[in-house]
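The shown structure was predicted, so the numbers you read here are calculated from the model rather than taken from an experiment. One-based numbering, in listed order, for ligands and for the atoms of each.
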Amino acid sequence: MHAGPAGYGELAEQLRAAVRSVGDWMAEYGEFTPHPSLDVAEDDLRRATGALHERLRENYPFFHPRYVGQMLKPPHPAAVIGYLTAMLINPNNHALDGGPATARMEKEVTAELAAMFGYPTHLGHLTSSGTIANLEALFVARQTHPGQAIAHSADAHYTHARMCHLLGVESVPVAAGADGTLDLQALEETLRGGRIGTVVATAGTTGLGAVDPVHEIIPLARRYGARVHVDAAYGGFFRLIADDSGDGVAAAPFAAIAGSDSVVIDPHKHGLQPYGCGAVIFRDPGVARHYLHDSPYTYFTSDELHLGEISLECSRAGAAAAALWLTLELLPLTADGLGAVLRPGRRAARAWAGLIEESEQLSLFQPPQLDILSYFPSCFPGRPRLSQIDAASARVLDGGMQRPSDQSLFVATYTVDGASLAARGHRVDADVASGRILRSVLMKPEIEERVPALHQQVLDLLADA
Ligand SMILES: *Cc1c(COP(=O)(O)O)cnc(C)c1O
């Protein structure tokens, strides 16, 4: 089965088979007549779906290698089949009473994710998103370290500070170093103050794909009695290719996640899943005690663990678990399985970074550690001013989107200031407080063979101005 529009004929076949199979299962319970209040006229249905199709055209082409903007792409067809098949039944993974089959699948995929990270024991579940998964990890951190603050990199995802606020916990941003990773010296100074109960390490920042040195953060945090949570929402699946090889990523920080207290990973980013599928995993199954609650109406058919007993959310789509389960049956969490989907993005990032370094028109903001590229137009008479870089970046962003579909280019931007440019050795006149540079997430394997063309297109858009 092929991914992308080329495989949509096959996908349609598989979906027909899914509808048949679920229909057969339903028929075993005997015929009944759906209530006429639910009937819709065929003409109305055609008109409304036609309008939907039209409205969806407003999207950017997330599926296409021409789209190198944000961390967006369609799910793998296997995930679509898994999701839609289970959705016809619509199980709710809050309780085994609501979704026995998909709750078991959720426990299985969670165990596979825990094994990928090397946790010897675990407790965890899927969530609607990385944000909710991090909220749960920080909630448990607050319960195990009451009254203490949570430290995270200044470059960590913005929701950490927001979730700390929500939890009534002080959040302490720690400076990031010149490569966008958490600065160990600054962290030690913060820890010395004595009020930090938990350190958040980010294995792949959302902005730059910078991987905090988890292997150094854990021993340092332990010396001060602090808990360590790893936010691997974006970068977690790179664990599969963390082998220090030419098209892999650094081994040490990813191997060290095994020694953390909790980890968050977003299957809806690099796990080929539709939104919303995040996951939170704790190494100590004993943290279940922090979730204790009573519910007179949800748990009754089984004494086995109901996922709602260890989750802050109540209703969750069983379909999300079915989607991930089916995907991992076909593309398992191995270097040759899902890992092979990630390597081309790494190669693309390295190759494009090389072209940028050789070019006179563009500069690399910093070398990519994962598959996120940050770069900026730097060819101006005299020393470049940040306001010029901002304007030229905006021209590439806007100009690329305004081209006809089959010649378009979609990049993203990233806001920097004079200090972050200077820290990376860029001699730029910071005539404005902040400005945009270019950012590209190369998360589709098809991008690799397009790199020279994509690079040329950025140069053409710059020359157009
Ligand atoms: C995407 C991301 C989040 C937030 O996850 P959502 O699924 O978008 O809610 C948190 N942390 C990191 C590092 C991320 O990349």
Side-chain angles (χ1 to χ4, degrees), residues 62 69-75 79 83 109-110 113 117 124-141 150-167 171 173-174 176 179-182 198-214 217 228-239 242 249 253-254 257 260 262-281 311-313 316-317 320-321 323-324 342 345 349 368-374 412 414 439-443:
F62 311 122
Q70 308 275 28
M71 17 187 89
L72 292 161
K73 62 175 178 179
Y83 200 101
V109 296
T110 305
L113 291 169
F117 287 121
H125 58 90
L126 302 180
T127 61
S128 310
S129 70
T131 300
I132 298 298
N134 278 317
L135 171 66
E136 296 211 10
L138 300 186
F139 159 71
V140 167
I150 294 175
H152 56 80
S153 159
D155 274 10
H157 198 270
Y158 75 91
T159 50
H160 287 287
R162 175 182 282 185
M163 292 302 151
C164 283
H165 179 63
L166 193 66
L167 290 165
S171 79
V174 178
D179 60 356
T181 65
L182 190 141
T198 298
V199 176
V200 175
T202 304
T205 58
T206 317
L208 300 170
V211 181
D212 285 349
V214 182
I217 290 170
V228 178
H229 168 60
V230 179
D231 180 0
Y234 185 73
F237 288 104
F238 284 94
R239 176 71 186 85
V249 300
F254 286 96
I257 295 174
S260 66
S262 56
V263 63
V264 156
I265 182 167
D266 260 356
H268 69 205
K269 284 185 183 142
H270 258 303
L272 307 173
Q273 298 308 295
Y275 301 113
C277 189
V280 61
I281 309 170
S311 165
L312 290 185
E313 293 175 90
R316 279 184 309 103
L324 184 54
L342 274 78
Q369 289 183 33
L370 300 180
D371 57 358
I372 301 175
L373 208 58
S374 49
Y414 181 73
R439 168 173 169 269
S440 284
V441 179
L442 313 181
M443 73 188 310

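The shortest N or O to N or O distance between Thr159 and ligand 1 is not under 3.5 Å. Taking distance alone, with nitrogen or oxygen atoms compared against 3.5 Å, Thr202 stays at or beyond that limit from ligand 1. The distance criterion of under 3.5 Å between nitrogen or oxygen atoms is met by Gly130 with respect to ligand 1. Where the criterion is an N or O separation shorter than 3.5 Å, residue side chain and backbone included, His157 fails it with respect to ligand 1.
Close approach to Thr131 involves these atoms of ligand 1, each under 4.0 Å from a residue heavy atom: 4 (C), 5 (O), 6 (P), 9 (O). Near Lys269, meaning under 4.0 Å from any of its heavy atoms, are these atoms of ligand 1: 1 (C), 2 (C), 3 (C), 4 (C), 5 (O), 14 (C), 15 (O). Close approach of ligand 1 to Gly204 is summarised as follows: ligand atoms under 4.0 Å from at least one heavy atom of the residue are 13 (C). With ligand atoms numbered from 1 in the order given, ligand 1 contributes 15 (O) to contacts under 4.0 Å with heavy atoms of Tyr234. When each atom of ligand 1 is checked for a heavy atom of Ser129 under 4.0 Å away, the hits are 7 (O), 9 (O). Of all atoms in ligand 1, numbered sequentially from 1 with element shown, those under 4.0 Å from a heavy atom of Asn134 are 10 (C), 11 (N). For ligand 1, the atoms lying closer than 4.0 Å to a non-hydrogen atom of Asp231 are 10 (C), 11 (N), 12 (C), 13 (C).
In this structure, Thr205 and Ile372 approach most closely via the heavy-atom pair O-CD1, 3.9 Å. Minimum interatomic distance between Ala320 and Gly276 (heavy atoms only, all atoms of both residues): CB-O, 4.3 Å.
Of the candidates Ile265, Val280, Val263, Ile265 is the only one forming a side chain to side chain contact (heavy atoms under 4.5 Å, CB included) with Leu113.
A donor-acceptor pair under 3.5 Å is formed between the side chain of Lys73 and the backbone N or O of Met443. The main-chain N or O of Gly204 is never found under 3.5 Å from a side-chain atom of Thr202 such that the two would form a donor-acceptor pair. Between the Gln369 side chain and the Val249 main chain, no donor and acceptor come within less than 3.5 Å of each other.
Under 4.0 angstrom from ligand 1, the non-hydrogen atoms of Asp266 all belong to its side chain.
Ring pair His160/His157 is perpendicular by interplanar angle, where above 60° counts as perpendicular and below 30° as parallel. Taking the six-membered ring where tryptophan is involved, the planes of His270 and Phe238 are perpendicular, since the angle between them exceeds 60° and thus also 30°.
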